[in-house]
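Each remark here refers to the structure printed beneath this line.
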Amino acid sequence: AVPAPSVRAHPSASGWRIEGQAKARDFTLDGERFGGSFDGSARVTGRLDQPVLVARLELDEGTIHLPDVPEKELQSLDEHPDFVVVTGGADERLLVAGRHRREPVVRTKLHLIAPDNLRVKGRDVDLLLSADVTLDTGAEEGAAFEGEVRALRGTAAVAGKKFTKGKTPN
């Protein structure tokens with residue numbers, strides 16, 4: 001049985017200690033490059049020393065549901081002529097439209113550990129994954145991921161070809 005969601009924050013000398021249990025049901029992300037929903041639960045520990053949040057999420061179980069969208073034509077991996085990034089120095093990134101990259105209000109360094117319990121389901125994919133990744137929103141070049149995600153078993157279809165790793169998850 002998974003405990004009821006709760007997160008506690010305790011004051012410390014430099015900020016706040018955070019600990020608790022988080023639970024999500026149909027938590028939806030809808031963006032230009034990614035969309036889907038998440039169901040799962042995790043234990044969370046960390047600290048908030050304004051403006052930096054450092055947290056560790058240990059996934060008890062989780063499923064990412066990808067939207068059922070029609071297959072897209074593959075794009076070339078060459079640089080796209082309509083999008084150019086111009087760097088104006090170490091602390092500044094300018095887009096063609098002239099907008100500056102906004103710094104996040106809270107810099108987040110999130111360490112996600114999913115030991116053999118993260119499932120991804122969608123139209124052409126049903127995979128069981130293991131992950132140990134860190135997301136850092138304050139990296140010099142924007143948000144950065146570091147770590148490893150492994151496919152343990154399941155199937156995925158890419159460009160009309162089906163790939164199978166081990167047995168399909170139940």
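Keep in mind the model is a prediction, meaning the values are calculated, not measured.
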Next on the checklist: Evaluate Val158 against Phe163 for side-chain contact (heavy atoms from CB on, under 4.5 Å), listing each step before the verdict.
Outcome noted: CA-CA 8 Å; Val158 179; Phe163 298 89; 4.1 Å; yes
Item to check | CG on Leu110 to CG on Leu53, rounded to 0.5 Å | outcome: 7.5 Å
Checklist entry - Would a 4.5 Å heavy-atom cut-off, applied to side chains only, mark Leu59 and Ile113 as touching? => result no
Checklist entry - What pair of heavy atoms forms the shortest contact from Trp16 to Asp49, and how long is it? => result N-OD1, 4.1 Å
Checklist entry - With side chains defined as the heavy atoms from C-beta onward, is the minimum distance between Thr155 and Leu127 less than 4.5 Å? => result no
Item to check | Test item: Thr134 side-chain N/O and His111 main-chain N/O as donor-acceptor pair under 3.5 Å | outcome: no
Checklist entry - Between CG of Leu118 and CG of Leu128, what distance do you get to the nearest 0.5 Å? => result 8.0 Å
Checklist entry - Are the side chain of Asn117 and the backbone N or O of Asp60 linked by a donor-acceptor pair below 3.5 Å? => result yes
Item to check | Sequence-distant partners of Arg17, side chain to side chain donor-acceptor pair (under 3.5 Å), two or more places apart | outcome: none
Item to check | Partner residues of Asp26 under the side chain to side chain contact (heavy atoms under 4.5 Å, CB included) criterion, sequence neighbours left out | outcome: Thr28, Ser37, Asp39
Next on the checklist: Once side chain to side chain contact (heavy atoms under 4.5 Å, CB included) is applied, do any residues pair with Phe145, and if so which ones, sequence neighbours excluded?
Outcome noted: Leu135
Item to check | Arg43 atom CZ: more than 12 heavy-atom contacts under 6.0 Å | outcome: yes
Checklist entry - Salt bridge or not for Lys121 and Asp126, using N-O below 4.0 Å? => result no
Checklist entry - Should the heavy atoms of other residues, nucleotides or ligands under 6.0 Å from CZ of Arg150 be counted, would the total exceed 12? => result no
Item to check | Heavy-atom pair with the smallest gap, counting every atom of Gly35 and Pro67 | outcome: O-CD, 3.1 Å
Checklist entry - Does Phe38 reach the side chain of Thr63, with side-chain heavy atoms less than 4.5 Å apart? => result no
Checklist outcome for this item: Distance col, row Lys161:NZ vs Asp124:CG, nearest 0.5 angstrom, shows 15.0 Å
Checklist entry - Say you draw a straight line from OG1 of Thr164 to CZ of Arg153; how long is it, rounded to the nearest 0.5 Å? => result 13.0 Å
Checklist entry - Sequence neighbours excluded, which residues qualify as side chain to side chain donor-acceptor pair (under 3.5 Å) partners of Gln50? => result none
Checklist entry - When rounded to the nearest 0.5 angstrom, what is the spacing between CD in Glu58 and CD in Gln21? => result 10.5 Å
Checklist entry - Which residues pass the side chain to side chain contact (heavy atoms under 4.5 Å, CB included) test with Val44, sequence neighbours left out? => result Val7, Ala55, Leu57
Checklist entry - For Val149 and Ala131, which heavy atoms make the closest approach, and how far apart are they? => result CG2-CB, 4.0 Å
Checklist entry - For Asp136, what residues pass the side chain to side chain donor-acceptor pair (under 3.5 Å) criterion, not counting sequence neighbours? => result Arg107
Checklist entry - Rounded to the nearest 0.5 Å, how far does CZ of Arg47 lie from CD of Glu19? => result 14.5 Å
